[in-house]
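Worksheet: the structure to be examined is printed underneath.
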There are 2 protein chains.
Amino acid sequence: MRTKLSTADERRPLVIDAAIAAFALTGYRGTTVADVAAEAGISSAYVFKLFPSKEQLFVGALDACFDRVVGALGRGAEATTDHTPDGVLDAMGGAYAELISDRSLLMLQVHAQSAVEVPEISAALRRGYARVTEFASTRSGATDAAVQRFIAFGQLCHLVVTLGLEEATEPWAKTLAAGIRHPAFAAPTA
Amino acid sequence: MRTKLSTADERRPLVIDAAIAAFALTGYRGTTVADVAAEAGISSAYVFKLFPSKEQLFVGALDACFDRVVGALGRGAEATTDHTPDGVLDAMGGAYAELISDRSLLMLQVHAQSAVEVPEISAALRRGYARVTEFASTRSGATDAAVQRFIAFGQLCHLVVTLGLEEATEPWAKTLAAGIRHPAFAAPTA
DNA sequence: GGAAAGAGTGAGTGTACAGTCACTCATATG
DNA sequence: CATATGAGTGACTGTACACTCACTCTTTCC
């Protein structure tokens, strides 16, 4: 049979996945709803039946992105044997590096930061960073300074990946990328 | 007299200024050439006489942005009395905080990072960060690790300003914004 | 004065895109 | 079978935007 119907509630998360992938490539303004629809394998008209607007679709993708980030941090923290605050933060960093190996989740955050003039997106981004910061803080028990440093190097990681500096050979690029955990070197999760 | 002609070479840098302001608000895709033209007080047709394309206009604005950043770092380094590597880096940080007090230069960098799928913009951004990193490194004489940290906290600063966390009261926001030099507290340049 | 060069614009053109609508088809249930 | 519900779409609309072009007005220089 040509058609395989599923329910809207089943379809929505799949469209969110497609939205993460599509928006990660070209950002909020640079990506069309038709792009997302194509990635999801449905018509764009149906995307608008599942989500009220492009804006809400992006917000849904961003929320899902932070769900995964927090989940990864939690799993990283779970897996480490070094239970000192710094040890836990370090394990979270490793888990994050592994999570973002396909770049989509990372680029989505970068693109969201560039769409903060849309109030709903700004709010979602704040929500997301609030969750990440609070989780890193309470789960690790690290000092505020250590948590701040953790996030700062996370942001540096975004820059490094965005500019593709992991494979660059220029000295300045190596300075910035030093020790940034490349997916290939990421510690196994289990 | 109604009209006050100036030469194209005089006009171009003014349009660059306008482009920095306009693109800073809504990013590369979210800003129209008409927005830039309005900011510059000329017609959009003339913007296209002065710059070959919107893309080149954005690249011009981005290059000018990094000119100013490097200039500010240099002036900051010049002004400090603490000539240790860390002292110089710190002075540069203060100068940067002051420079970005109007947010335009900061937001332009954020938006550029979200437009890296445009090759020319990606190249300009790499050029810019190369200049900043190399300058910070050679001018301060600091270790690679210290320079990396300098840039990492610069990126954190971008996040803090983008999300407006300087004035936020939530604990997580204070954790991220702690010690980020707010323009109001920036050290005087001279 | 007059001609050349350049500053600057109004009015377009072609295209792309968010969102809508009327519709078709599949499935479920009595 | 009949009818209702909901999945899913093709074709459309209105608008916005990058870029062009033919044109006018100003300045300069002989």
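Fair warning: this is a prediction, and the values are worked out from it, not measured in the lab. Lettering of chains follows the sequences in order, A, B, ..., and the numbering in each one begins at 1. What you see below is based on every heavy atom in this structure, not just the backbone, and it leaves out hydrogens, waters and symmetry mates.
- Side-chain heavy atoms closer than 4.5 Å link hydrophobic residues (I, L, V, M, F, W, Y) into clusters, and following such links, possibly through other members, connects Tyr28(A) to Val118(B).
- We find that CZ of Arg29(A) is positioned 12 Å from P of dA18(D), with the value rounded to whole Å.
- One can place CZ of Phe51(B) at 13 Å from P of dG8(C), the figure rounded to the nearest angstrom.
- Protein atom CG of Leu14(A) is 15 Å distant from nucleotide atom C1' of dG8(D), rounded to whole Å.
- Thr133(B) places a side-chain N or O within donor-acceptor distance of the main-chain N or O of Tyr129(B), the cut-off being under 3.5 Å.
- Between Thr7(B) and Ala45(B), it is Thr7(B) whose nearest contact on DNA chain C lies nearer the 5' terminus.
- Rounded to an integer number of Å, the gap from Ile42(B) CD1 to dT26(D) C1' is 17 Å.
- Summarising the geometry, the separation between CG on Asp35(A) and C1' on dA18(C) is reported as 13 Å, rounded to the nearest angstrom.
- Checked against dG8(C), dC17(D), dC17(C), the side chain of Tyr46(B) finds its nearest nucleotide in dG8(C).
- Electrostatic pairing of Glu117(B) and Arg29(B) counts as a salt bridge here, judged by a charged N lying under 4.0 Å from a carboxylate O.
- Closest contact between the side chain of Phe48(B) and the listed nucleotides dA7(D), dT9(D), dT20(D) involves dT20(D).
- Residue contacts shown for Ser43(B) include a base, since a base heavy atom lies under 4.0 Å away.
- Judged by distance alone with a 3.5 Å cut-off, no donor-acceptor contact links the side chain of Lys54(A) to the base of dG19(C).
- In this structure, the CZ atom of Arg12(A) is 12 Å from the C1' atom of dG6(D), given to the nearest Å.
- At the heavy-atom level, Ser44(B) lies nowhere under 4.0 Å from the strands shown.
- For the pair Leu57(A) CG and dA18(C) C1', the computed distance is 12 Å after rounding to whole Å.
- Applying the 4.0 Å criterion to OP1 and OP2 of dG8(D), one finds that Arg11(A) has a side-chain N or O inside that range.
- When hydrophobic clusters are built by joining Ile, Leu, Val, Met, Phe, Trp and Tyr residues whose side-chain heavy atoms come closer than 4.5 Å, directly or via intermediates, Leu106(A) is not grouped with Leu25(A).
- Salt bridge Asp17(B)/Arg68(B): present, at least one basic N to carboxylate O contact under 4.0 Å.
- A donor-acceptor contact under 3.5 Å is formed by the side chain of Lys49(B) with the base of dT9(C).
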